[in-house]
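As structure tokens, the structure follows; a few thoughts come after it.
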Amino acid sequence: MNRLGQGEFEIIEQLKARCESSPVVRLGIGDDCAILQLPPGELLLTTTDMLIESIHFRRDWTDFLSLGRKSAAVNLSDLAAMGALPRALFLAVAIPADLTAADLDLFFTGFLEVCHASKAVLAGGDTCSSKGGVSICVTALGTAPETAVVRRTGAHPGDGIYVTGTLGDSALALQWLMTGRTPPPELLKRHLEPTARVEVGRRLGTAGVPTAMIDISDGLLADLGHILTASRVGACIEIDRLPLSPALRAVGDDDHLLYDRALTGGEDYELLFTAPPEAQGEIDRIATDVDLPITRVGTISETCGEVTLTHAGSLCPIPQHKGYKHFSAGA
Ligand code: ADP
Ligand code: MG
């Protein structure tokens with residue numbers, strides 16, 4: 001039985017009525033294609049991420065408002081990681097028969113809220129039924145002048161390694177959900193409704209500060225690994241510098257477990273970047289302006305792919321498990 005009580009075209013019409021206008025989107029929902037007009041001299045940056053029920057989320061752990069917010073945020077996070085200004089999102093959804101119109105409405109509300117907050121608009125998508133779970137596929141488009149775009153390739157030995165915000169919050173919440181415990185509300189919110197660091201990513205890119213940047217979706221060590229491979233360098237991380245939230249510390253786990261989670265826990269959607277020592281003043285100014293801590297957690301070294309961890313100046317072992325991987329045992 002279908003509980004939606006509306007067809008594909010009614011859903012699209014209602015969504016269209018809720019979409020905002022934008023100077024970049026000349027034509028949004030309603031024709032075979034959207035028509036976009038780039039600001040003169042800017043490049044187009046495009047990214048796609050899927051959220052699949054039972055792989056990326058569980059309906060008994062999330063509500064649809066949060067799911068809508070997260071679906072937009074994880075895509076905006078990729079734009080942030082390259083210094084782009086978000087412009088338009090495309091949303092493809094496969095909807096199973098047991099979803100209600102209220103569920104769907106909440107999902108779109110959350111999605112559109114996050115679009116609005118970053119001044120991007122929903123410009124198209126696809127809507128179909130599903131015989132399995134809920135599937136969501138979002139494509140996000142952003143623009144940036146070439147000089148503001150940051151790739152993974154430019155880290156140099158001697159650069160500082162920086163992270164925004166705090167690490168490990170989302171991973172703790174997920175771990176507690178998986179073991180049947182109710183996570184502290186601040187940490188649960190970080191897991192269900194991560195914030196894309198759009199403003200800080202764009203500010204850093206525009207200022208020409210980062211030599212390389214990535215968003216932390218799979219865990220600090222895993223995502224740092226991508227920068228190291230792309231830039232052919234190594235890294236030393238000082239784990240006692242890792243930024244931990246008061247809510248995470250309040251859980252009372254021992255330091256070893258806390259740092260381990262900050263190093264390997266996924267889905268914080270913070271930005272990780274490298275920058276030369278002379279950029280410190282500009283980094284501090286941007287952190288103050290956007291009201292978000294930016295913490296130096298280590299230094300880029302010469303040996304390609306080599307990561308060392310230190311604690312109070314002494315070497316410590318690398319955690320075996322570096323982050324989530326699809327297709328691996330236990331995924
Ligand atoms: P077509 O069959 O030509 O692909 P559709 O009927 O799928 O057209 O879509 C009609 C319009 O509605 C298009 O502009 C499409 O981008 C938009 N659209 C469909 N589903 C969604 C959705 N979930 N979110 C945003 N726009 C959508
Ligand atoms: Mg279509």
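Just so you know, ligand 1 is whichever comes first in the structure, and atom 1 is the first atom listed for that ligand. For the single chain, residues carry numbers from 1 onward in sequence order.
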Checklist entry - Applying a 4.0 Å heavy-atom criterion (strictly less than), which segment of F9 is in contact with ligand 1: side chain, backbone, both, or neither? => result side chain
Item to check | Under 4.0 Å to a heavy atom of D32 - the qualifying atoms of ligand 1, by number | outcome: 3 (O)
Checklist outcome for this item: One finds that the ligand 1 atoms under 4.0 Å from a non-hydrogen atom of I29 are 12 (O), 14 (O), 17 (C), 25 (C), 26 (N)
Checklist outcome for this item: To atom 26 (N) of ligand 1, the nearest of G124, C33, A94, A34 on a heavy-atom basis is G124
Checklist entry - Do the ring planes of Y162 and F273 sit parallel (below 30°), tilted (30 to 60°) or perpendicular (above 60°)? => result parallel
Checklist outcome for this item: So the atoms of ligand 1 within less than 4.0 Å of a heavy atom of E8 turn out to be 6 (O)
Item to check | Test applied, side chain to side chain contact (heavy atoms under 4.5 Å, CB included); reference residue, C236; option that passes from V307, T310, L315 | outcome: T310
Checklist entry - Is E53 reaching over with its side chain to a backbone N or O of G133, donor-acceptor style, under 3.5 angstrom? => result no
Next on the checklist: Counting only heavy atoms closer than 4.0 Å, does ligand 1 sit against the backbone of L15, its side chain, both, or neither?
Outcome noted: side chain
Item to check | Close N or O approach (L122, ligand 1; < 3.5 Å) | outcome: no
Checklist entry - Between I12 and ligand 1, which part of the residue brings a heavy atom under 4.0 Å of the ligand: side chain, backbone, both or neither? => result side chain
Next on the checklist: For a 4.5 angstrom cut-off between non-hydrogen side-chain atoms, does Q175 reach R261?
Outcome noted: yes
Item to check | Donor-acceptor contact below 3.5 Å, side chain S130 vs main chain I95 | outcome: no
Checklist entry - OG1 of T299 to CD1 of I237: how many Å apart, nearest 0.5 Å? => result 8.5 Å
Checklist outcome for this item: Counting from 1 in the order shown, the ligand 1 atoms closer than 4.0 Å to a non-hydrogen atom of T127 are 19 (C), 20 (N), 21 (C), 22 (C), 23 (N)
Checklist entry - Mind checking whether G30 has an N or O less than 3.5 Å away from an N or O of ligand 1? => result yes
Checklist entry - Which distance, rounded to the nearest 0.5 Å, do you find between the CZ of R190 and the CG of D169? => result 4.5 Å
